[in-house]
Amino acid sequence: MSRPIDLARQHGLSTQAIRNYEEAGILPPSERTPSGYRTYTDLHARALSTFLALIPAHGHQTATLIMQAVNNGTVDNALAIIDDSHDLLRKDRQTLAAVENALRDLTPPPESKVASVGALAHQLKVRPATLRKWERAGVLVPRRDPKTKYRVYTAADVRDAQLAHQLRRGGYLLNQIADVLDQVRSAGGVEPLQATLDDWHGRLTSRGRAMLAAAAELHGYLDHRRKSR
């Protein structure tokens, strides 16, 4: 048996955090002394270690749902939540691959050339209305000719339109594409974005490895629960 402060100190947490975790269902219910103080067992310590391992793998909210399901005895629900989280990681990897492929295939025209909405639409084989829709979504940000007020697409705008077109064909939503292009524009072009892509790769790898570690912790916790019944 241990006190809340003992469990908290093992992980650099506050005693209030331990109480909050128990109230949230992240930890199983504690036993109480005759005077009403909480006492925790090795089962609670394993539950806390499991939860803390699940956070970098699946995020705080999903980790909470997993632990609540396990502690409620609905292990199948916990495993279904984990399946969804793994599927999300797989989709994130596919998105990254699509972005890298699209960037690699870009063929922007010389910087001196500009295109009208009609010319760009013809080049991409889309309707001008499609380009205007992309503009409203923040995917494209063409300037206006000060005299004619018509949209003018520079080489960078054409690059963005090509990237957007390829990602749309890959099934990505306009808001997702707008986020990617914001990164391209803030990075100053495609080449400086490589550092962002490398970081993206690193974060996905870290999540994948964290999922492996969390799975081992969860397996141990489930086994401990089974033996303690």
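Predicted, not measured: the structure shown is a model, and the values here were computed from it.
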Between [X] and [Y], what is the shortest heavy-atom contact and its length?
X: Ala214; Y: Ala53; result: CB-O, 3.5 Å
X: Gln10; Y: Ala45; result: OE1-CB, 4.4 Å
X: Ala119; Y: Ala115; result: CB-CB, 4.3 Å
X: Gly208; Y: Leu89; result: CA-CD2, 3.9 Å
X: Val117; Y: Leu131; result: O-CD1, 3.5 Å

Should [X] and [Y] count as side-chain neighbours, where that means a heavy-atom distance under 4.5 Å?
X: Val152; Y: Arg144; result: no
X: Glu217; Y: Leu54; result: no
X: Val158; Y: Thr154; result: no
X: Asp160; Y: Trp134; result: no
X: Tyr153; Y: Ser116; result: no

Indicate yes or no for a side-chain donor-acceptor contact from [X] to the backbone of [Y] under 3.5 Å, with no hydrogens or angles considered.
X: Asp6; Y: Arg3; answer: yes
X: Asn72; Y: Gln68; answer: yes
X: Glu135; Y: Pro142; answer: no
X: Thr41; Y: Leu43; answer: yes
X: Glu23; Y: Asn20; answer: no
X: His44; Y: Leu27; answer: no
X: Asp223; Y: Gly220; answer: no
X: Asn71; Y: Ile26; answer: yes

Pairing residues for Ser30 by the side chain to side chain donor-acceptor pair (under 3.5 Å) criterion, not counting sequence neighbours: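 Checked Ser30 against side chain to side chain donor-acceptor pair (under 3.5 Å); matches are Glu22.
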Within 6.0 angstrom of His219 NE2, more than 12 heavy atoms from elsewhere: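 Check fails, neighbour count at 12 or below.
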Residue pair Asp145, Lys149: steps toward the salt bridge (Lys or Arg N to Asp or Glu O under 4.0 Å) verdict: CA-CA 5 Å; Asp145 184 283; Lys149 305 302 181 184; over 6 Å; no
Test salt bridge (charged side-chain N to carboxylate O under 4.0 Å, His left out) applied to Asp198 - qualifying residues, sequence neighbours left out: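 Partners of Asp198 under the salt bridge (charged side-chain N to carboxylate O under 4.0 Å, His left out) test: none.
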Interatomic distance, [X] atom [atom1] to [Y] atom [atom2] [nearest 0.5 angstrom]:
X: Gln162; Y: Leu167; atom1: CD; atom2: CG; result: 12.0 Å
X: Leu173; Y: Arg168; atom1: CG; atom2: CZ; result: 7.0 Å
X: Gln94; Y: Lys91; atom1: CD; atom2: NZ; result: 8.5 Å
X: Arg90; Y: Leu204; atom1: CZ; atom2: CG; result: 13.0 Å
X: Ile18; Y: Leu7; atom1: CD1; atom2: CG; result: 4.0 Å

Ring geometry between Tyr21 and Phe51 (parallel below 30°, tilted from 30 to 60°, perpendicular above 60°):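 Rings of Phe51 and Tyr21: perpendicular, as their planes differ by over 60°.
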side-chain contact (heavy atoms from CB on, under 4.5 Å) between Leu163 and Val180, intermediate numbers included: CA-CA 9 Å; Leu163 177 54; Val180 171; 4.3 Å; yes
ILVMFWY network linking Ile82 to Val75, side-chain heavy atoms under 4.5 angstrom: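 The answer is yes; both residues are in one hydrophobic cluster.
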Chi angles and distances behind the salt bridge (Lys or Arg N to Asp or Glu O under 4.0 Å) call for Arg38, Glu31: CA-CA 6 Å; Arg38 291 179 172 89; Glu31 298 180 6; over 6 Å; no
CA sep, side-chain torsions, deciding dist, call: Leu218, Leu222, side-chain contact (heavy atoms from CB on, under 4.5 Å): CA-CA 6 Å; Leu218 182 58; Leu222 290 172; 4.2 Å; yes
Candidate pair Asp92 and Arg207, rule salt bridge (Lys or Arg N to Asp or Glu O under 4.0 Å), full reasoning: CA-CA 11 Å; Asp92 287 345; Arg207 271 174 58 197; 2.9 Å; yes
side-chain contact (heavy atoms from CB on, under 4.5 Å) assessment of His11 paired with Leu48: CA-CA 9 Å; His11 298 280; Leu48 182 57; 3.2 Å; yes
Chi angles and distances behind the side-chain contact (heavy atoms from CB on, under 4.5 Å) call for Arg143, Asp157: CA-CA 9 Å; Arg143 65 179 178 84; Asp157 296 323; 5.5 Å; no
Pairs meeting criterion side-chain hydrogen bond (donor to acceptor under 3.5 Å, both in side chains) with involvement of residues 45-62, two or more places apart: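 Every side-chain hydrogen bond (donor to acceptor under 3.5 Å, both in side chains) pair that includes a residue of residues 45-62, provided the two are not neighbours, is His58-Ser85.
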Modelled atom types, side-chain donor and acceptor of His165 and Gln123, under 3.5 Å: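 Checked: His165/Gln123 side chains show no N/O donor-acceptor pair below 3.5 Å.
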